[in-house]
**Student:** 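Take this structure, written in structure tokens, and hold onto it; I'll ask about it next.
Just so we're clear, the structure is a prediction, and the values are computed from it rather than from any experiment. Numbers restart at 1 for each chain; the letters A, B, ... are given by sequence-line order, proteins then strands.
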Amino acid sequence: LIGICFVYVVEQREQPHLRGQPTTVVQYNSWKGGGLIVVSYEACKYGVKRSMRGDEAKQVCPQIQLVQVLVARGKADLSIYRNAGSEVVSILARKGRCERASIDEVYLDLTDAAEAMLAETPLESLEKIDEEALKSHILSLNEDGSDHKGNVKEWLHRSDADHHDKLLACGALIVAELRMQVLKETEFTCSAGITHNKVGSSVQFRCLSFILHHLMEGKLSSFAYAGQTSKWKQLGGKLGSSLQIDLGVNTVGELLQFSEEKLQERYGVNTGTWLWNIARGISGEEVEGRLLPNSHGSRKTVPGPRALKKIASVEHWLNELCEELSEYLHSDLEQNKRIAHTLTLHARAFKSSDSESQKNFPSKSCPLRYGSTKIKEDALNLFQAGLCEFLGSHRIKAQGSHYNGWGITSLSVTASKIVAIPSGTCSIMKYFHGQDQSNCSSKQANDRFVAEAAPLSPSGTERYSELHTTELPIEFRD
DNA sequence: CATTTAGATACC
DNA sequence: GGTATCTAA
């Protein structure tokens with residue numbers, strides 16, 4: 001697993017003066033200093049946690065630098081981090097099969113590259129090992145500070161290693177090379193966890209941040225850290241808590257005592273077997289060859305008390321979300337020649353009198369038509385459809401256009417079923433045209449071609465179509 | 001008053 | 001297509 005960290009994107013390329021400073025990235029800051037989305041290693045040392053608000057972080061570490069996530073269209077815009085991730089992926093993909101795991105993390109299968117390297121040059125005869133590779137942290141090595149690089153060098157050269165460990169050593173060398181290449185081409189530093197399988201690499205990846213600021217102080221061994229089940233991939237959430245609370249398991253070692261049957265009994269056949277295996281270091285998970293996301297989305301959540309009570313505000317936010325989504329779709333089309341086919345809208349409603357009553361609307365989908373104006377129009381229609389069902393199912397009556405304190409607390413638009421335009425299609429316009437012949441209703445035939453041209457026009461040339469507010473069946477009032 | 005945003009997946 | 005849930009930065 002190879003990852004770049006949001007804070008370093010900002011630090012190294014956008015605001016170099018932050019280098020080496022305890023830094024954190026927050027989204028928004030008007031309420032308690034904003035929510036932290038990432039914390040630099042330096043800030044971790046002061047006890048700054050991601051669960052804190054900006055103000056709390058300042059209490060713990062007064063000199064902390066709070067960097068704000070860019071706000072566009074009234075919402076946090078993570079594009080620069082997503083794009084930074086893409087830059088890195090394109091470099092990593094040269095060396096092996098890549099799977100984009102999150103906005104800034106990638107799994108990279110280096111098996112073939114490592115095998116090839118080993119076949120060419122036996123490690124023992126490797127003359128020069130790059131400084132970068134000597135910075136590696138090897139979990140089986142005792143890191144007591146004595147000649148770290150010497151120890152690493154010895155480990156990498158070891159002739160008594162089995163084939164798998166030699167592959168691992170090659171992996172470390174290749175990753176060192178890649179990290180330098182990434183730095184050269186993008187100015188980003190990245191971290192990597194390298195193991196025999198996917199699950200292990202993510203443990204190591206998390207272990208790395210720990211190592212970088214605690215191990216040197218000798219507080220806990222890296223083995224002990226890596227052993228904590230909560231640090232393992234997929235165990236950072238409810239499943240991990242359940243292991244701890246229901247079975248009393250805190251470390252992977254403690255998980256070993258349970259039979260496969262016992263684990264299956266409690267967690268189901270699949271999860272049970274999966275747990276039994278990972279406790280033994282067995283992970284059959286393949287690195288998927290997926291460089292690009294399967295969906296794009298834009299979501300806005302507002303705190304309960306600020307719930308949207310007027311259809312006009314819902315419309316406003318829907319427009320902002322659709323604008324952002326349309327931008328993603330446009331980039332995807334331009335850069336990857338991919339087209340999304342489904343638009344989905346999710347909404348969540350909240351009743352102020354009862355903090356427990358967060359209810360999702362039925363989500364609604366429709367064919368996705370390109371052009372932000374069309375997307376806005378369709379999204380609003382989907383919202384209306386969801387709202388009608390929602391009001392019906394909750395027996396909320398319109399008492400003079402008043403809805404008893406109900407308001408919208410979350411809106412999201414998602415584009416999915418994203419497929420590559422078949423290669424050989426001579427023009428994108430032609431492709432759009434051809435697609436529509438098959439699945440467009442006849443009433444849209446007249447303006448089809450012009451409408452589909454919209455996403456390809458330079459941004460800023462589109463115009464809002466008039467929204468027919470008077471035709472809306474529902475209206476929220478304060 | 002209050003994590004927010006993003007994305008994947010399993011199941012019907 | 002739609003729902004619900006999970007994970008994680």
**Student:** Side chain of Pro305(A), heavy atoms from C-beta onward: which of dA8(B), dT5(B), dC1(B) has the nearest atom to it?
**Tutor:** dC1(B)

**Student:** Distance criterion of 3.5 Å, no angle test: do you see the side chain of Gln27(A) paired donor-to-acceptor with the base of dT4(B)?
**Tutor:** yes

**Student:** I need the residues from residues 84-92 of chain A with at least one non-hydrogen atom less than 4.0 Å from DNA chain C; give them sorted by number, or say none.
**Tutor:** none

**Student:** Taking the side chain as C-beta and beyond, is there a heavy-atom pair between Lys376(A) and Glu323(A) under 4.5 Å?
**Tutor:** yes

**Student:** So what does Ile103(A) hit on the nucleic acid, given a heavy-atom distance under 4.0 Å: a base, only sugar-phosphate, or nothing?
**Tutor:** nothing

**Student:** Under 4.0 Å between a side-chain N or O of Ser102(A) and OP1 or OP2 of dA9(C)?
**Tutor:** no

**Student:** Classify Ser298(A) by what it touches in the nucleic acid, base, sugar-phosphate, or nothing, heavy-atom distance under 4.0 Å.
**Tutor:** sugar-phosphate

**Student:** Is Thr301(A) close enough to dT3(B) that one of its side-chain N or O atoms is under 4.0 Å from OP1 or OP2 there?
**Tutor:** no

**Student:** Using 30° and 60° as the class limits, which term best fits the ring planes of Trp406(A) and Phe390(A): parallel, tilted or perpendicular?
**Tutor:** perpendicular

**Student:** Taking only side-chain N and O atoms of Lys300(A), does any of them lie within less than 4.0 angstrom of OP1 or OP2 on dA6(B)?
**Tutor:** no

**Student:** Decide, applying a 5.5 Å centre-distance limit and a 30° plane-angle limit (both strict), whether Trp31(A) stacks on dA2(B).
**Tutor:** yes

**Student:** Considering only dG2(C), dT4(B), dG7(B), which nucleotide approaches the side chain of Arg299(A) most closely?
**Tutor:** dG7(B)

**Student:** So which nucleotide from dG7(B), dA8(B), dT5(B) ends up closest to the side chain of Arg290(A)?
**Tutor:** dA8(B)

**Student:** Under 4.0 angstrom, heavy atoms only, what part of the nucleic acid is Asn360(A) near: base, sugar-phosphate, or nothing?
**Tutor:** nothing

**Student:** Do the side-chain N or O atoms of Arg50(A) get closer than 4.0 angstrom to the phosphate oxygens (OP1, OP2) of dA8(C)?
**Tutor:** no

**Student:** Quick one: which of Arg97(A), Arg290(A), Lys95(A) gives a salt bridge (charged side-chain N to carboxylate O under 4.0 Å, His left out) with Asp109(A)?
**Tutor:** Arg97(A)

**Student:** Identify which nucleotide among dG1(C), dA9(C), dT5(B) has an atom closest to any side-chain atom of Asp104(A), counting heavy atoms from C-beta outward.
**Tutor:** dA9(C)

**Student:** May I ask you to verify if any side-chain N or O of Ser295(A) is less than 4.0 angstrom from the OP1 or OP2 atom of dG7(B)?
**Tutor:** no

**Student:** With respect to the phosphate group of dG1(C), does any side-chain polar atom (N or O) of Lys364(A) fall under 4.0 Å of OP1 or OP2?
**Tutor:** no

**Student:** Of the nucleotides dT3(C), dT3(B), dT7(C), which has the atom closest to the Leu239(A) side chain?
**Tutor:** dT7(C)

**Student:** Starting the side chain at C-beta, find the nucleotide from dA9(C), dG2(C), dA8(B) nearest to Ser365(A).
**Tutor:** dG2(C)

**Student:** Have a look at Gly237(A) and say if it touches a base, only the backbone sugar-phosphate, or nothing, with a 4.0 Å heavy-atom cut-off.
**Tutor:** sugar-phosphate

**Student:** Measuring from Lys233(A):NZ to Ser202(A):OG, what's the distance to the nearest 0.5 Å?
**Tutor:** 6.5 Å

**Student:** Looking at Lys233(A), I'd like to know whether one of its side-chain N or O atoms comes within less than 4.0 Å of OP1 or OP2 on dA8(C).
**Tutor:** no

**Student:** I'd like to check the side chain to side chain donor-acceptor pair (under 3.5 Å) partners of Trp274(A); sequence neighbours left out, ordered by chain and number.
**Tutor:** Glu285(A)

**Student:** May I ask you to evaluate whether Tyr81(A) reaches the phosphate of dT5(B), defined as a side-chain N or O under 4.0 Å from OP1 or OP2?
**Tutor:** no

**Student:** Decide whether a cation-pi geometry holds between Arg266(A) and Phe258(A); the criteria are a distance under 6.0 Å from NZ or CZ to the six-membered ring centre and an angle within 45° of the ring axis.
**Tutor:** no

**Student:** Classify the nucleic acid contact of Arg206(A) as base, sugar-phosphate or nothing, counting any heavy atom under 4.0 Å across all strands shown.
**Tutor:** sugar-phosphate

